[in-house]
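Working notes for the structure below.
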Amino acid sequence: AKRRPAVLVNASAIGFYGPREDEELDESAPVGGDFLAKVCADWEQEARNVPEGVRSVQLRIGIVLGEEGGSLAEMVKPFRLGAGGPIGSGRQWVSWIHRDDLVSLILFAIDRSELSGPVNGTAPTPVRNAELSKAIGQVLHRPSWIPVPEFALRVALGEVASMLVRGQRVVPKRALAAGFAFAHAEIGRA
């Protein structure tokens, strides 16, 4: 372009880290070793190949919660049928962000000229899958105790199931350090 943008905000994913169970992951954590992590790393590398003078932010986005669409729409289906509950043991971490905070974080990344490189797009309070399931059940006034068997996920989703079963505990260290304020930091309110 004759007039280049000042910044490129790239949508990446926390899949960059791969399934890591209880390890707390900030933007300094290394890339994971699974297929999704490699795809995210390659995607981010391309986003860094911007012309001189263009700032690049790689926003690593967690599960997006909001009133319509996104991951939440799929997650609530079994709950609406009275068959919702945790995945497997329910002890795995879920790193999430409310849609409104994600939009605000994108705008924040555009406006903050000192911000570049990876930024985790997750709420500062990841939760265990069982806690997320309980919150969904409470909001919908539906039961939330029927666990989804791990083997069923593996049959239905293949390698992707590993992320859901093992989880990730991702925190937005760089966003917080830059002064970003989350409107939805707690799962129940979100």
Side-chain angles (χ1 to χ4, degrees), residues 1 4-66 69-75 92-127 129 132 157-185 187 190:
R4 291 187 174 137
V7 62
L8 166 67
V9 178
N10 175 66
S12 186
I14 60 172
F16 175 91
Y17 303 110
R20 302 281 269 275
E21 297 168 356
D22 288 335
E23 181 183 355
E24 187 173 275
L25 305 165
D26 65 28
E27 293 86 352
S28 67
V31 65
D34 66 341
F35 175 74
L36 182 56
K38 179 170 177 10
V39 169
C40 289
D42 289 348
W43 181 257
E44 289 184 17
Q45 181 56 48
E46 288 303 317
R48 285 189 288 275
N49 291 334
V50 294
E52 188 175 329
V54 177
R55 182 170 52 93
S56 177
V57 177
Q58 297 86 50
L59 194 58
R60 296 176 180 161
I61 303 169
I63 293 176
V64 180
L65 306 180
S71 300
L72 187 60
E74 292 303 312
M75 292 167 62
Q92 67 275 31
W93 289 98
V94 178
S95 299
W96 59 277
I97 187 167
H98 190 279
R99 179 191 60 201
D100 295 345
D101 280 335
L102 178 58
V103 171
S104 294
L105 185 56
I106 292 167
L107 295 172
F108 184 85
I110 291 169
D111 292 340
R112 296 293 174 119
S113 60
E114 72 278 6
L115 198 59
S116 65
V119 175
N120 288 335
T122 61
T125 52
V127 296
N129 182 268
L132 174 62
L157 301 175
E159 189 174 343
V160 175
S162 182
M163 188 74 69
L164 299 174
V165 171
R166 292 180 57 202
Q168 299 169 304
R169 187 178 183 189
V170 180
V171 293
K173 184 177 179 181
R174 293 198 62 222
L176 292 171
F180 183 77
F182 286 85
H184 305 280
I187 194 67

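None of these values were measured; they are calculated from a predicted model.
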**Prompt:** Roughly how far, to the nearest 0.5 Å, is the CG atom of Leu65 from the CE atom of Met75?
**Reply:** 6.5 Å
**Value rounded to 0.5 Å, distance of CG in Leu25 from OG1 in Thr122** = 9.5 Å
Give a yes or no answer on whether the side chain of [X] reaches the backbone of [Y] with a donor-acceptor pair at less than 3.5 Å.
X      : Y      : value
Arg55  : Val9   : no
Arg169 : Pro126 : no
Arg112 : Ala178 : yes
Asn129 : Gln92  : no
Ser12  : Gln58  : no

If you compare all heavy atoms of [X] against all heavy atoms of [Y], which two are closest, and at what distance to 0.1 Å?
X      : Y      : value
Gly15  : Asp34  : O-OD1, 4.4 Å
Pro19  : Gln168 : CA-CG, 4.3 Å
His184 : Ala190 : CB-CB, 4.1 Å
Ala185 : Ala123 : O-CB, 4.5 Å
Ala11  : Ile61  : CB-CD1, 4.1 Å
Val170 : Ser95  : N-OG, 2.8 Å

**Message:** Under the criterion side chain to side chain donor-acceptor pair (under 3.5 Å), I'd like the reasoning laid out for Ser28 against Asp26: C-alpha separation, chi angles, the key distance, then a yes or no.
**Reply:** CA-CA 5 Å; Ser28 67; Asp26 65 28; 2.5 Å; yes
**Request:** Evaluate the side-chain contact (heavy atoms from CB on, under 4.5 Å) criterion for residues Val31 and Glu44: first the C-alpha distance (whole Å), next the side-chain angles of each, then the deciding distance (0.1 Å), finally the verdict.
**Result:** CA-CA 11 Å; Val31 65; Glu44 289 184 17; over 6 Å; no
pair [X]-[Y]: side-chain heavy atoms closer than 4.5 Å:
X      : Y      : result
Leu132 : Ile187 : yes
Pro118 : Arg174 : yes
Phe182 : Pro124 : yes
Arg60  : Tyr17  : yes

**Prompt:** Would one find more than 12 heavy atoms of other residues, nucleotides or ligands at under 6.0 Å from atom CD of Glu114?
**Reply:** yes
